[in-house]
Amino acid sequence: MTTRTFEELVAEAESVSVDGWDFSWLDGRATEERPSWGYSRLVGERTAHAVAALDIQTGGGEVLAGVPRLPTLTVATESWPPNVALATARLRPLGVAVVVADEPRLPFGDDVFDLVISRHPVTTWWEEIARVLQPGGTYLSQEVGPGSVEELTEFFMGPQAPGSARDPERARAAAEAAGLEVVDLRPESLRMTFHDIGAVIYFLRKVIWIVPGFTVDRYRGELGTLHDRILATGPFEAHSTRFLIEARKPV
């Protein structure tokens, strides 16, 4: 158990950068089970046989950077300026162009890519994905599911209304409405633990939709209560939800 004070943990977590999608700062402080399908492995298997690939909302380029073999034509899109800079620095040496795109209309022609990927997209632009995919091409995505980390949301914000736009079956319906065939759809619930209040603060600063508008000042009282609870009863537990969806464009 940490011997650091609440204020020390808060100051540390507020000072660290939350750019990109690297969560290594949480090593030893928080844990999350990984989905059974192994998204990075699946992407590596697909890129090994692809000719032209697109990674939508690449974040800091972490997924593509971990792929053993990239197609000759590989492009990534990102809109948040700090992530654009991170992704460019990480992916340019690998021959990947990073394109700024923050609207549904993707800046590419029709039928360009035989593989499109996206991990944890904020919004899935199904009609645009279908447009840029070649006939026979594949979209492979790991998405955030409904009620993800709702235990943390409700601790800070109280009970939330039921229902979610992130329901896997809604994703299936949207993909099919765009003319794609869904060939795989797998949801999972994954255990998370937060071992200190600094880990909670870092996570909420980075994953901004869990507690929209989160700041330490706004939620200092709740943070203090949670800090005391962790000290008294152990790590705070929550559950993330994820689903894998794979869709193909008919030939």
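Within the model, atoms CZ of F243 and CG of L185 stand 7.0 Å from one another, a figure rounded to the nearest 0.5 Å. Taking OG1 of T31 as the reference point, atom CG of L26 lies at 10.0 Å (rounded to 0.5 Å). Atom CD1 of I245 sits about 7.5 Å away from atom CZ of R172, to the nearest 0.5 Å. Summarising the geometry, atom CG belonging to L244 is positioned 8.0 Å from atom OH belonging to Y39; distances are rounded to the nearest 0.5 Å. Rounding to the nearest 0.5 Å places CD of E8 at 9.5 Å from CD of E12. Atom OG in S40 sits 11.0 Å away from atom CD in E45 (nearest 0.5 Å).
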Donor-acceptor pairs under 3.5 angstrom involving side-chain atoms of residues 95-111: please list them, not counting sequence neighbours.
unit_1 : atom_1 : unit_2 : atom_2 : d
D110   : OD1    : R131   : NH1    : 2.8
D111   : OD1    : K249   : NZ     : 2.7

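In this structure, R69 contributes its side chain and A48 its backbone to a donor-acceptor pair below 3.5 Å. Between the side chain of E78 and the backbone N or O of G59 there is at least one donor-acceptor pair closer than 3.5 Å. Remark: the backbone N or O of D55 is not paired with any side-chain donor or acceptor of S118 at under 3.5 angstrom. The backbone N or O of A85 sits nowhere less than 3.5 Å from a side-chain atom of T88 that would complete a donor-acceptor pair. Judged by distance alone, with hydrogens and angles left aside, the side-chain atoms of T124 form no donor-acceptor pair with the main-chain N or O of W126 at under 3.5 Å. Between the S148 side chain and the T241 main chain, a donor and an acceptor come within less than 3.5 Å of each other. A donor-acceptor pair is defined here as one N or O able to donate and one able to accept, closer than 3.5 Å; such a pair exists between the side chain of D114 and the backbone of V51. Remark: side-chain polar atoms of Q160 are paired, donor with acceptor, to backbone N or O of G158 under 3.5 angstrom. Under a 3.5 Å cut-off, the side chain of E62 and the backbone N or O of W21 do form a donor-acceptor pair. Using a distance-only test at 3.5 Å, with no hydrogens or angles considered, a donor-acceptor pair links the side chain of T77 to the main chain of Q57.
Other residues, nucleotides and ligands contribute only 12 or fewer heavy atoms inside 6.0 Å of the CD1 atom of I208.
Put simply, I197 and V207 are part of the same group of oily side chains (I, L, V, M, F, W, Y) that touch within less than 4.5 Å, one to the next. Note on I129 and V63: separate hydrophobic clusters, where clusters join Ile, Leu, Val, Met, Phe, Trp and Tyr whose side-chain heavy atoms are under 4.5 Å apart, directly or indirectly. Put simply, V149 and L190 are part of two different groups of oily side chains (I, L, V, M, F, W, Y) that touch within less than 4.5 Å, one to the next. Under the 4.5 Å side-chain contact rule for hydrophobic residues, V84 and V75 do not share a cluster. Hydrophobic clustering (ILVMFWY, side-chain heavy atoms < 4.5 Å, transitive): F214 and V144 are in distinct clusters.
At a threshold of 4.5 Å between non-hydrogen side-chain atoms, the residues R191 and E237 count as touching. At a threshold of 4.5 Å between non-hydrogen side-chain atoms, the residues I56 and I117 do not count as touching. Proximity of V67 to V43: side-chain heavy atoms (C-beta onward) are separated by under 4.5 Å at one or more points. Between F6 and D228 the shortest side-chain heavy-atom distance does not fall below 4.5 Å. Using a 4.5 Å heavy-atom cutoff, the side chains of V116 and T138 are not in contact. In this structure, P146 and R170 have side chains that are not in contact, with every pair of non-hydrogen atoms separated by 4.5 Å or more. Within the 4.5 Å cutoff, no side-chain heavy atoms of R29 are placed close to those of F194. At least one side-chain heavy atom of F155 sits under 4.5 Å from a side-chain heavy atom of E222.
The pair R220-E7 meets the salt-bridge criterion, since a charged nitrogen lies less than 4.0 angstrom from a carboxylate oxygen. For the pair R186 and D184, the salt-bridge criterion is met [side-chain N within less than 4.0 Å of a carboxylate O]. By the 4.0 Å N-to-carboxylate-O rule, E32 lies close enough to R242 to be salt-bridged with it. For R119 and E143, the salt-bridge test fails: no basic side-chain N is under 4.0 Å from an acidic carboxylate O. A salt bridge is defined here as a Lys NZ or Arg NE, NH1 or NH2 lying under 4.0 Å from an Asp or Glu carboxylate O, and E14 with R205 fails to meet this definition.
There is a side-chain donor-acceptor pair under 3.5 Å between D22 and S24.
No option in E150, E188, E33, E151 other than E151 meets the side chain to side chain donor-acceptor pair (under 3.5 Å) test with H239. None of F203, F236, Y219 except one satisfies the ring-ring contact (aromatic ring centres under 6.0 Å, His included) rule with F156; the exception is Y219. Between H227 and the options T5, V10, L9, a side chain to side chain contact (heavy atoms under 4.5 Å, CB included) holds for only L9.
Heavy-atom minimum distance, A65 versus L94: CA-CD1, 3.9 Å. Of all non-hydrogen atoms in R166 and P121, the two that sit nearest each other are NH1-O, 3.5 Å. The two residues L91 and G61 come nearest to each other via the heavy atoms CD2-O, 3.6 Å. Considering all non-hydrogen atoms of both residues, A53 and P71 come closest at CB-CG, 3.8 Å. Of all heavy-atom pairs spanning V182 and E176, the tightest one is CG2-CG, 4.3 Å. For the residue pair D19 and K206, the shortest heavy atom distance occurs at O-NZ, 3.3 Å.
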